[in-house]
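From a predicted model like this one, the values you see are computed outputs, not experimental measurements. All ligand and atom numbering here is 1-based and tracks the order in the structure.
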Amino acid sequence: MMELMHLMRQLKMEYLIANLDALCEQAAKQELDYRSFLAEALATEWAGRNQKGLESRLRQARMPWIKTLEQFDFDFQPAIDRKVIRSLAGLAFVQRAENVILLGPPGVGKTHLAIALGVKAVEAGHRVLFLTLEEVMNRLKRAQQEKRLERQLQQLTYPKVLIVDEIGYLPLERQEASLFFRLVARRYEKGSIILTSNKGFADWGEIFADQVVATAILDRLLHHATTLNIKGESFRLKEKRKAGLLTKAANLPQPEGDR
Ligand code: ADP
Ligand code: MG
């Protein structure tokens with residue numbers, strides 16, 4: 001019979017190798033039967049591999065920071081229907097290649113929610129990629145100059161969830177807008193886009209330099225989409241205000257019922 005260590009190496013069971021002594025000791029203590037011991041051993045290997053896959057997918061997602069849904073204070077942002085978020089967290093929208101559009105002024109938690117949904121998708125085993133619109137455009141424009149646009153579009157269609165953050169801060173030229181349209185059209189009904197914008201749809205004509213292109217983009221994006229319009233107060237300003245860094249004299253908007 002082959003030696004155990006050799007077998008485990010051949011089978012690339014690195015987590016079993018690392019935990020073998022502890023597993024055997026525990027099995028002896030608990031007087032496990034053969035089946036239970038085998039299950040424990042394989043479960044250890046499985047958990048290790050799972051964790052490794054998760055960490056690697058999380059790295060590949062290139063999130064600028066990590067925030068979870070559990071860290072989101074829904075009481076602070078009553079404009080958000082938590083039932084909708086809970087349902088999105090179930091990730092049926094990813095299975096169905098539907099989109100999520102998060103709209104609202106700065107600081108209301110759009111990026112936080114986009115990242116948190118992205119983390120959920122990573123945990124469920126999906127490939128996710130986070131890019132700002134600026135990064136998306138840089139990639140597409142460079143690829144076009146270098147005559148490899150097709151390949152770049154393919155790469156941006158590979159992740160099951162593409163997060164495109166901060167639409168609206170950077171106005172696009174007509175040429176750029178039509179590049180973005182090609183990306184949206186390419187992903188249409190194939191993979192989800194989670195998109196954040198500080199501008200309402202009515203202003204998208206301006207962002208994309210062309211009402212026709214903007215309409216075409218919106219048409220594809222919104223066909224299967226959940227839109228959350230977050231009409232709330234900035235969490236960032238709230239925290240500063242709490243710390244006494246801002247006062248009403250600073251002439252910032254003070255919503256009613258400010259807690
Ligand atoms: P936006 O993208 O809408 O400008 P962010 O998602 O970047 O806003 O939020 C700004 C900061 O405030 C982030 O650190 C985020 O985690 C935090 N934040 C925003 N809203 C909430 C909330 N309701 N509960 C907890 N943290 C929040
Ligand atoms: Mg943001």
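- Using a distance-only test at 3.5 Å, with no hydrogens or angles considered, no donor-acceptor pair links the side chain of N99 to the main chain of I194.
- Protein heavy atom closest to atom 4 (O) of ligand 1, with residue, atom name and distance, is G107 N, 2.7 Å.
- Here the rule is side-chain hydrogen bond (donor to acceptor under 3.5 Å, both in side chains) with R148, and of E150, Q144, E146 only E146 fits it.
- Numbered from 1 in the order shown, with element, the atoms of ligand 1 that lie under 4.0 Å from a heavy atom of K67 read 14 (O), 15 (C), 16 (O).
- Judged as a side-chain hydrogen bond (donor to acceptor under 3.5 Å, both in side chains), the pairs with a partner in residues 6-21 (not counting sequence neighbours) are, in order, H6-Q10, E14-K52.
- Between the side chains of R139 and Q155, no donor-acceptor pair of N or O atoms lies under 3.5 Å.
- Shortest contact from atom 6 (O) of ligand 1 to any protein heavy atom: H112 N, 2.8 Å.
- Salt bridge annotation for R59-E55: absent, with no cationic side-chain nitrogen under 4.0 angstrom from a carboxylate oxygen.
- For atom 5 (P) of ligand 1, the candidate residues are P78, A116, P64, G109; the nearest heavy-atom contact is made by G109.
- Residue contact check for ligand 1: V108 places a non-hydrogen atom closer than 4.0 Å to it.
- Residues passing the side chain to side chain donor-acceptor pair (under 3.5 Å) test with Q145: none are found, sequence neighbours excluded.
- Residue F72 touches ligand 1 through backbone and side chain together, judged by heavy-atom distances below 4.0 Å.
- Around the Mg ion (ligand 2), protein N, O or S atoms at less than 2.8 Å comprise T111 OG1.
- In this structure, W65 has a heavy atom closer than 4.0 Å to ligand 1.
- Nearest to atom 18 (N) of ligand 1 by heavy atom, out of F235, F74, F76, is F235.
- In this structure a side-chain-to-backbone donor-acceptor pair under 3.5 Å is present from K160 to K190.
- Taking any N or O of L113, backbone or side chain, none lies under 3.5 Å from an N or O belonging to ligand 1.
- Distances shorter than 4.0 angstrom occur between a heavy atom of P106 and an atom of ligand 1.
- Listed by number with element, the atoms of ligand 1 under 4.0 Å from a non-hydrogen atom of D73 are 22 (C), 23 (N), 24 (N), 25 (C).
- Remark: ligand 1 and Q77 share no N or O pair separated by less than 3.5 Å (distance only, no angle test).
- With E134 as the partner, the side-chain contact (heavy atoms from CB on, under 4.5 Å) test is satisfied by one option alone out of V136, N138, L131: N138.
- In this structure, a donor-acceptor pair under 3.5 Å is present between the side chains of T68 and Q71.
- For E45 (side chain) and L16 (main-chain N/O), a donor-acceptor pair under 3.5 Å exists by modelled atom type.
- Sorted by first and then second residue, the salt bridge (charged side-chain N to carboxylate O under 4.0 Å, His left out) pairs involving residues 118-132 (not counting sequence neighbours) are E70-K120.
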